[in-house]
Every structure is written in structure tokens, then in C-alpha cells.
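Since the structure comes first, as C-alpha cells, the remarks are kept for the end.
Each ligand, and each atom within it, is numbered from 1 in the order the structure gives. Both backbone and side-chain heavy atoms feed into the values below; hydrogens, waters and symmetry mates do not.
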Amino acid sequence: MALIVQKFGGTSVGSIERIEQVAEKVQKFRENGDDIVVVVSAMSGETNRLIGLAKQISEQPVPRELDVMVSTGEQVTIALLAMALIKRGVPAVSYTGNQVRILTDSSFTKARILQIDDQRLRADLKAGRVVVVAGFQGVDEHGNITTLGRGGSDTTGVALAAALKADECQIYTDVDGVYTTDPRVVPKAQRLDKITFEEMLEMASLGSKVLQIRSVEFAGKYNVPLRVLHSFQEGPGTLITTDEEESMEQPIISGIAFNRDEAKLTIRGVPDNPGVAFKILGPISAANIEVDMIVQNIAHDNTTDFTFTVHRNDYLSAMRVLENTAREIGAREVIGDTDIAKVSIVGVGMRSHAGVASRMFEALAKEGINIQMISTSEIKVSVVIEEKYLELAVRALHTAFELDAPARQGE
Ligand code: ASP
Ligand code: MG
């Protein structure tokens, strides 16, 4: 008998019909003898609708009151699901985050979980009840309702699994697992049976949107086996787990991630003195702008060029800051480019293989794709390229690293 935490996202509980289907699914697990804690999101679109209401009152709603309101989305779905289970003869009880006592800090709209009281849940499980918990919400030490940030129900699921030492946390969603890359870009992308927390974290922070990043961090930290599955299709999904013994079959690269969220800024002809990088990036971080990739060239004629990327939303403000800096330090010019994309190959397998980066560069060269910036870490190589080549690059890399699904018979 296992203890399983099952989280169902907004589309999986998006209508009464779907909630009934989820209840049926939970019932089956229950009949197998497993103890089940279910975490649900609000019905799809509901959180946005609620935020929309608040914005009609004020462009910047008071965060505490916003949380009081948006947390109601999940309060509706827990009750509906509990009703649907009880109707089927499955004893069930629903709780808000406050009722469980999912204690968070007081950062409204982006609270962090501090502690979970598992007493009540354990008593219900012992009495044979399915426990249905509202995702995305908690309560602070003063009794204020808090929410965990968009997509936060994943984190609730993982945190409950960690607190209850569950055997597995299953995240049910509208895809049947984690893929080697976005199947809309590469039709030959394959579902991964397994991926490590580290790899998943890279994939998620690089734009693969299957799981909320924070939930993956949490699962890794507490070593909660996490499985992504399709809500209404049968299948094993993808298991996210710790890095196991490297096996013979372990691929060098597990996946290819990409995003179009960044923009590039270059400051040219910077006098090459100690402290110059700080003079350039200090004001950027003081303006609360996060920098991703950084490249500084070898000096030539006592000046250097310095390039970095920021989120595209921050491009204009970063440009203004950098132009000021350029005047102050006597740099020649500032240029920028928003038509860029970042493509990354990710895999724990690359730790032990030399030549992964060169294989990547070769594949891009063959397609005539120019690399503008490069950065590497232990399990990732990222390049910045011109945005219009993004899809071509991802496809070429998918093939070069032998990630393409084998052709099916008749193809
Ligand atoms: N309902 C919340 C949202 O839409 C939390 C979640 O779905 O995970 O962001
Ligand atoms: Mg969601």
C-alpha cells in the first residue's frame, strides 16, 4: 500500500465533467488500496478571471486582498471534487490551505511554505478518507491567507508529499510527460521515461513549462519522486528523480530547451580597467534587472566590448541604464538586439563526455547558423542565435544528439 499525492491542474478540473473524471480516477487508485491525497488547482481560466476583477478596482490591487480573492478558485474545486468522490461512495474531505495549516511567510502573492501540519491529514488517511487539499495557498503566522505564485499548486503537491513522506507525487496535466523538446517544434520529440531533478530544473528554467520551477527545486531538496502524467490518457509519464548510476544507455543529452524571452545589449569600446565589469553591471542590478549570459572580449587597443542578455521585458530600461554608464565611463557606443533566441542542450550525461559543445557547434555550423554567445555549466551548453533560426537549430540539435524518435512502421 502506497501513499500517493496526486495533483490535478486547471484544465484537468476545468469542467464538472472533468471533475467527475478525476473522481473516477482517484476512486480506482483508492480501490487498489493506496492512500491518496489530492491537490487541485482552480478551474482553468478562473485565477485569471479573478485577477481581472481585482484589476477593475485598481491597477495594483492590495496584495493581501488579492490573495483573499484568488485563493477562492481552489476552494471551489476542492469542494466539488470531494462531493464527486462522496457521490461515488469514496469517503473524502476537502481542506483549504488554512485548514490544513500550510504555514507560509507573509509575502502575499508569492509566499513560501515554511511548515505543514500533517496531523489532520494523517488522521483522515487513517480513517480511510481521501483528502482533497486546495493548491496554491497557505496561511501566515497572523492568520492571513497567502498564495504561492502562479502555477503554485505544483509546489503544494510536492510540499505535501515531502511532509507526508509520500511514495510519489504525481502531477496530472494535459501532456503525457516531459519531452526531449517541444513537440510543436520537433514532431520527432520523445517522451522521456526518466529525467533527473537537475535536468528538469534546467529544462524548466529554460522555458519548458510542464512544471513550476519551484516545485522541482522543492522535490529535489526533499527527494520526493515526482511523476508527470496525462490526466485522461493511460501511460507511465515521466519520472523525475535523483541522478542514478550512469548506465550504458544513458544519453549524453536528455533534452533541448529554448526561449525567446531574452534580449542582448553590447557596450563597445570600454576602457579596459579593473572594475569595469562592475561599473557596467552594478547599475543594471541596482535597477533590479537580472542578467543572464555575459561575455567580455579580450581587450584590443586598451578597450574591450562587453555583451550581456536580460529578459526582453527589461530591454528598454537596461538600454537606458547602459547608455548612461557609457557616457560616464567614456565607452564608444551601445547597441542592442531583441531578435535573439537562446537554445540549450541539457544532460547529466555530458559531465563525463568531452566534446559535447563541439558536437553542438558542428551541428549548428552545418546549418549555417551563427553563434553569437555561448555559456556552459556542468550539465548544460547554451547558445544565443538569431531568432529566425531557432526552430532550425532545435531540430538540427535534436537529430545530432540522436534524440529523434525512431520512425514508426510504414513511415
Ligand atoms: N490557480 C493558480 C494559477 O492559475 C495555481 C495553479 O494553477 O497552480 O496560477
Ligand atoms: Mg496551473
Side-chain angles (χ1 to χ4, degrees), residues 5-16 18-19 21-22 26 37-55 61 63-82 94-100 102 104-105 107-113 116 131-140 144-163 169-175 178 200-201 204-205 207-219 224 226-232 237 240:
V5 174
Q6 304 186 315
K7 182 258 171 179
F8 291 89
T11 47
S12 313
V13 293
S15 65
I16 294 298
R18 295 212 156 167
I19 291 175
Q21 277 176 275
V22 168
V26 173
V37 174
V38 187
V39 174
V40 286
S41 291
M43 294 169 94
S44 54
E46 181 62 9
T47 308
N48 286 341
R49 187 186 74 83
L50 292 169
I51 293 172
L53 290 177
K55 295 239 156 134
R64 180 189 181 279
E65 304 311 325
L66 194 59
D67 279 357
V68 170
M69 188 186 55
V70 293
S71 63
T72 62
E74 275 74 9
Q75 189 166 340
V76 171
T77 46
I78 52 168
L80 289 172
L81 181 58
S94 71
Y95 295 124
T96 63
N98 188 8
Q99 288 175 309
V100 173
I102 297 178
T104 71
D105 62 20
S107 317
F108 298 110
T109 76
K110 46 176 188 299
R112 294 201 163 245
I113 297 176
I116 293 181
V131 187
V132 186
V133 179
F136 176 55
Q137 55 181 262
V139 62
D140 75 1
N144 297 304
I145 294 173
T146 55
T147 66
L148 309 179
R150 298 309 304 270
S153 300
D154 289 349
T155 299
T156 306
V158 173
L160 281 173
C169 178
Q170 303 177 338
I171 308 279
Y172 288 91
T173 179
D174 47 9
V175 293
V178 179
M200 190 62 213
L201 217 47
S205 55
S208 159
K209 297 207 173 55
V210 189
L211 287 173
Q212 199 209 25
I213 293 176
R214 213 184 332 148
S215 71
V216 183
E217 284 169 2
F218 214 109
V224 177
L226 194 58
R227 191 183 293 275
V228 176
L229 299 135
H230 196 290
S231 304
F232 304 117
I240 304 156

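- Within ligand 1, counting atoms from 1 as listed, the ones closer than 4.0 Å to a heavy atom of S153 are 5 (C), 6 (C), 8 (O).
- At a 3.5 angstrom cut-off on N or O pairs, S41 counts as close to ligand 1.
- Between Q170 and the choices K7, R227, Q6, the side-chain hydrogen bond (donor to acceptor under 3.5 Å, both in side chains) rule is met once, by Q6.
- Close to ligand 1: G151, with a non-hydrogen atom less than 4.0 angstrom away.
- Close to ligand 1: G152, with a non-hydrogen atom less than 4.0 angstrom away.
- Residue R150 has at least one N or O atom closer than 3.5 Å to an N or O atom of ligand 1.
- No donor-acceptor pair closer than 3.5 Å links the side chain of T72 to the backbone N or O of Q75.
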| query | Is there a side-chain hydrogen bond (donor to acceptor under 3.5 Å, both in side chains) between T146 and D67 once you walk through the steps? | reply | CA-CA 5 Å; T146 55; D67 279 357; 5.5 Å; no

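- Using a 4.0 Å cut-off between heavy atoms, E74 contacts ligand 1 through its side chain alone, with no backbone atom that close.
- A donor-acceptor pair is defined here as one N or O able to donate and one able to accept, closer than 3.5 Å; no such pair exists between the side chain of Q212 and the backbone of D154.
- You'll find the side chain of I240 reaches within 4.5 Å of the side chain of L211, heavy atoms only.
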